[in-house]
Structures are given as structure tokens and as C-alpha cells.
Amino acid sequence: MPQQATGARRAPARTERTEAAQESHRLQDVLAVAAITIGIAALILGWIPATHLPGAVLGVIGLPLALYSQMISATTNERWLNVIGMVASFIGAGFALSNGGFSI
């Protein structure tokens with residue numbers, strides 16, 4: 001506790017986080033929203049047996065998109081959306097493949 005004895009105080013750690021959160025991350029935001037949208041669409045379309053082909057395609061597109069978006073994400077909110085999109089894409093692709101996959 002030498003800081004208290006000398007009267008020196010440290011700057012709060014929250015200032016570093018708020019500066020990063022205030023920056024505009026348009027690309028990361030758009031990719032995160034696209035990842036979760038495509039993931040949910042793949043999950044819904046993969047669940048329905050008649051729409052297995054679009055579900056498989058969206059699952060195959062959504063998973064790498066969410067992985068790339070996770071790699072360049074800057075905030076925790078983006079990372080949450082990316083993980084949800086990843087899981088939804090993976091499960092949707094699995095449902096689609098079990099219902100017929102890429103067959104017409």
C-alpha cells in the first residue's frame with residue numbers, strides 16, 4: 001500500500017476500456033449482425049426438411065463468416081453475437097445435412 005502512504009493514486013482502469021468502446025467499429029458491427037442473421041436463418045431453414053438446401057448453404061457461409069468476424073471483433077457485444085451466430089450456423093448446417101444436405 002505504498003500508494004496510499006505517499007498520496008499517489010492510480011488512474012482507474014475503466015478509462016482504457018471506454019476509449020476503445022467509443023470508437024466506431026462499423027465493419028465489425030455489420031459482420032456480427034450478418035453472422036447472427038445468417039446463423040439463425042440457417043438454423044430455421046435446416047430444421048425444416050423441405051428447405052435443407054438453403055439451410056446447408058447458409059450454414060456453410062455463416063460459420064466461416066462468424067469465425068472471421070470473431071477474429072476481428074473489438075467489443076464484447078460483437079463477440080456475443082459472433083458466438084451465437086457460429087453455434088446457430090453449425091447446428092443449422094448439421095440439421096440441413098441430416099435432412100438431405102446439398103441434394104436437390
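We use all heavy atoms of the structure for the numbers below, so side chains are in, but hydrogens, waters and symmetry mates are not.
No donor-acceptor pair under 3.5 Å is formed between the side chain of Ser69 and the backbone N or O of Leu65. With Thr37 contributing its side chain and Ala34 its backbone, the two residues share no donor-acceptor pair below 3.5 Å. No donor-acceptor pair closer than 3.5 Å links the side chain of Asn82 to the backbone N or O of Leu67.
Taken to the nearest 0.5 Å, the CE atom of Met71 stands 10.5 Å off from the CG atom of Leu31. In this structure, the separation between OG on Ser89 and CE on Met86 is 9.0 Å, given to the nearest 0.5 Å. Here CG of Leu81 is found 10.0 Å from OG of Ser73. Values are rounded to the nearest 0.5 Å.
In this structure, Ala88 and Leu43 approach most closely via the heavy-atom pair O-CB, 3.9 Å. When all heavy atoms are compared, the tightest approach of Gly85 to Ala66 is C-CB, 4.3 Å.
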Report all side-chain donor-acceptor pairs from residues 51-59 shorter than 3.5 Å, counting only partners two or more places apart or in another chain.
from  : atom 1 : to     : atom 2 : distance (Å)
Thr51 : OG1    : Leu45  : O      : 2.7
Thr51 : OG1    : Ile48  : O      : 3.2
His52 : ND1    : Gly101 : O      : 2.8

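Phe95 is linked by a ring-ring contact (aromatic ring centres under 6.0 Å, His included) to Trp47, counting only residues two or more places apart in sequence or in another chain. By the side chain to side chain contact (heavy atoms under 4.5 Å, CB included) test, Gln28 is found to be paired with His25, Ile72, Glu78, residues two or more places apart in sequence or in another chain being considered.
Phe90 and Leu97 sit in two unconnected hydrophobic clusters of ILVMFWY residues. Membership requires side-chain heavy atoms under 4.5 Å apart, directly or through other members. Val87 and Val33 fall into different hydrophobic clusters, where Ile, Leu, Val, Met, Phe, Trp and Tyr are joined by side-chain heavy atoms under 4.5 Å apart, directly or via other members.
Applying the ring-ring contact (aromatic ring centres under 6.0 Å, His included) test to every pair with at least one member in residues 61-85, sequence neighbours left out, gives no pairs at all.
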